[in-house]
There are 2 protein chains.
Amino acid sequence: MKKLPDGCVDLIFADPPYNLQLGGDLTRPDNSRVDGVDDEWDKFDSFRAYDEFTRNWLTEARRILKPDGAIWVIGSYHNIFRVGTAIQDTGFWILNDVIWRKSNPMPNFRGTRLTNAHETLIWAAKSQKSKYTFNYRALKTSNDDLQMRSDWEFPICTGSERIKGEDGNKTHPTQKPESLLFRILIGSTKPGDVVLDPFFGSGTTGAAAKYLGRHFIGLERDKTYIKAAKARIAKVKPLDDESLITQPSPKAAARVPFGTVIEHKLLKPGAKLYSPRKNHAAQVRADGSLYVKEGDNEIQGSIHKVGAAVQNAAACNGWTYWHYEEKTGLKPIDFLRDKIRKGMAS
Amino acid sequence: MKKLPDGCVDLIFADPPYNLQLGGDLTRPDNSRVDGVDDEWDKFDSFRAYDEFTRNWLTEARRILKPDGAIWVIGSYHNIFRVGTAIQDTGFWILNDVIWRKSNPMPNFRGTRLTNAHETLIWAAKSQKSKYTFNYRALKTSNDDLQMRSDWEFPICTGSERIKGEDGNKTHPTQKPESLLFRILIGSTKPGDVVLDPFFGSGTTGAAAKYLGRHFIGLERDKTYIKAAKARIAKVKPLDDESLITQPSPKAAARVPFGTVIEHKLLKPGAKLYSPRKNHAAQVRADGSLYVKEGDNEIQGSIHKVGAAVQNAAACNGWTYWHYEEKTGLKPIDFLRDKIRKGMAS
DNA sequence: TGCTAGCGTGAATCCACCC
DNA sequence: TGGGTGGATTCACGCTAGC
């Protein structure tokens, strides 16, 4: 990185080590072992050591950037706050933080915390005065003519996109999806721009850059990664100039869990719900569970579980089974979900 | 804040200011006045002052927390990286970062950046050792029986919930939605817990806490805000106790050793237990141990140890692994434990 | 060839209590 | 306080084997 001249690249994308601090082994409920990140390159002695590492590469990165250049950095809660602080301290000007919402994250197997379902990206210009590249129209068009938001949904990198060695194991533990890099490059570079990735890894940045007609420089220490990245990028066929348009992904209806209905106060805790024929009644609790007492039998759980239990059925769609009382009669709680979907609830 | 004693609150929710006007003119370390023309110095001093402010209140917050207490802090990219770094440096242990996805964010009118459609929350325990409160079941139930993720969608605070002055203008610039606080309190406090909000503002924390049967302490300098918050909270009607019961964790249930099942004669010594696919069989002994003989291999021990051994697994939950035979087919012995817990066994 | 059930796996700071 | 043990704990999706 030190060998590169001042002001020679338009954009930097960086996926630095996250400084994860994992304990012992983690197993899934089926006793299989989770293959975590235990590589040497992710080990730092302290926050201070990580901060020094971060400031060093960010300072070099800023030197190499053109005056109107910009940087993207990705991370998780383990490191992103330290990276963000260093970005501000080294003179970059933050433009947005962007959330990559994973459509298929790994669950929290022990039920000890929330499912870690996102990663954070920081987009920053070299300085407050930089006239950074932002292809507003392109992103808006690809988003069904709505302004592109700061939260992006993509699946994690799996299947045939994921690079595997001869042994069938993943070559790189943290390969990023190309779709993520596509959007970044489409939104913040022009064709012909030079993109630098100082933590090249499996070469996702290079593959996306070549595909989209951008030049790239990739820096990487590990020879296995370099070899895999070279082979991968060699296979990429650049798009012709006219095809550099992204396709919007059709979105399914937003999922609205029952707890949301209570959080919106469309139903209050303590409210009564009824089965269609009113032969079963349940009480709503603050946490979004239902409670039924019939004789000596007490049941509690989700609207679906409790609905199934009172009917002695294997499964039940609580949204259509449970009803609330209105002047005009019973209405299914699905009606309330619909209100939220349509934005009719404040 | 300095007046509160050590270790007196269970949870802290903080929405710190991120404007850099912290009162008084900024001065350099050498006491010379900051010249507004010198951007770099200005920026540096601003960040330094903000960091000092942040570290001060976080240190006090940590002192006031009980050993097993936790903190939530909300912010945007202007300040959250500095806050997150300070949280780590003052000894808190980050549990999750959570994204509040705004369903109706303010658009970016000039089209110069992405629509800023989210804010970031950090959830951290007082220390790595803290046994923080996490109502896993409650959140999972309210999320239609799926683990709660780290990205939450709520609308911004508008309409009748938004507090307005006599002039019709909003009283507080960044009033948070009660639904957000609702989920935080349901997920990470118990009824009767004490919640502190050191930047009380319009009192959303107090309103949600009172509604959910939690005590609260609110700190605020601005008299207008105090008055508005008091009036607001006075109107809140607390929920009744029954609605506040949340889905209990199985861990909280009384422990029933396997021997008890035999003592209750729900299983007799000598009875046979089977694995789910009936490929392993074990014999129940009077002392509550199991015995398995497969070829020359003899295994004995607890239901868990023997279950793990026959599967060659590191661990096993014997209650769900071993089944007994009934007319209708195999049933897990967990069913018998449930009978005892419910007092249905003689 | 087509469909399905079952298996594998992903940047993870992943247990609690008793003695 | 450290070791032993009871026993709680998973979502989405791609691939494969089998019918």
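Side chains included, hydrogens not; waters and symmetry mates left out as well; all remaining heavy atoms used. Residue numbers start from 1 in every chain, and the chains themselves are labelled A, B, ... in the order their sequence lines are given, proteins ahead of strands. If you're wondering where the values come from, they're calculated on a predicted model, not measured in any experiment.
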**Asked** What is the per-nucleotide protein-contact pattern of nucleotides 7-17 of chain D, from the 5' end, where B denotes a base atom under 4.0 Å from a protein heavy atom, S denotes such proximity for sugar-phosphate atoms only, and - denotes neither?
**Response** BBBBBSSSS--

Go ahead and name the base partner of [N]; Watson-Crick or wobble counts if both distances stay under 3.5 Å, otherwise write none.
N      : value
D:dG7  : none
C:dC19 : D:dG2
C:dG2  : D:dC19
C:dA12 : none

If you measure from the [atom1] atom in [N] to the same atom in [M], how many Å do you get, rounded?
N      : M      : atom1 : result
D:dT16 : C:dT1  : P     : 16 Å
C:dG8  : D:dT10 : C1'   : 13 Å
C:dC7  : C:dA11 : P     : 23 Å

**Message:** For chain A and DNA chain C, what are the first and last nucleotides along the strand, 5' to 3', with at least one atom under 4.0 angstrom from a heavy atom of the protein chain?
**Reply:**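 Here the contact window of chain A covers C:dT9 to C:dC15.
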
**Prompt:** Between A:R113 and A:C157, who's closer to the 5' end of DNA chain C by nearest nucleotide?
**Reply:**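 It is A:C157 whose nearest nucleotide is closer to the 5' end.
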
**Request:** Check the angle between the aromatic planes of A:H172 and A:Y225 and answer parallel, tilted or perpendicular using the 30° and 60° thresholds.
**Result:**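 Ring orientation of A:H172 relative to A:Y225: tilted.
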
**Request:** May I ask you to establish whether B:R337 and B:W319 are in a cation-pi arrangement, using a distance under 6.0 Å from NZ or CZ to the six-membered ring centre and at most 45° from the ring axis?
**Result:**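 So B:R337 does make the cation-pi contact.
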
At 4.0 Å (heavy atoms only), tell me whether [X] reaches a base, stays on the sugar-phosphate, or touches nothing.
X      : result
A:D15  : base
A:S76  : nothing
A:G168 : nothing
A:P177 : nothing

**Asked** Does the separation of the ring centres of A:W100 and A:W152 fall below 6.0 angstrom?
**Response**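 No, the ring centres sit 6.0 Å or more apart.
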
**Request:** Could you tell me whether A:W57 and A:F199 have their ring centroids closer than 6.0 angstrom?
**Result:**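 Yes, ring centres under 6.0 Å apart.
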
**Asked** Under a 4.0 Å N-O cut-off, is there an ion pair linking B:R149 with B:D151?
**Response**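 Yes.
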
**Asked** Between B:R55 and B:D89, is there a side-chain N and carboxylate O pair less than 4.0 Å apart?
**Response**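 Salt bridge present between B:R55 and B:D89.
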
**Message:** Apply salt bridge (Lys or Arg N to Asp or Glu O under 4.0 Å) to residues B:E325 and B:K278 and explain how you reach the verdict.
**Reply:** CA-CA 10 Å; B:E325 204 151 29; B:K278 236 178 162 174; 2.6 Å; yes

**Request:** Please work out whether C:dT13 sits syn or anti, treating a glycosidic angle within 90° of 0 as syn.
**Result:**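 Syn, since the glycosidic angle lies within 90° of 0.
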
**Request:** May I ask you to decide if A:A117's main-chain N or O and A:T115's side chain share a donor-acceptor pair within less than 3.5 Å?
**Result:**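 Judged by distance alone, no pair lies under 3.5 Å.
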
**Request:** Looking only at non-hydrogen atoms, find the nearest pair between A:G165 and A:T171 and report the distance.
**Result:**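 Closest approach of A:G165 to A:T171: N-OG1, 3.3 Å.
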
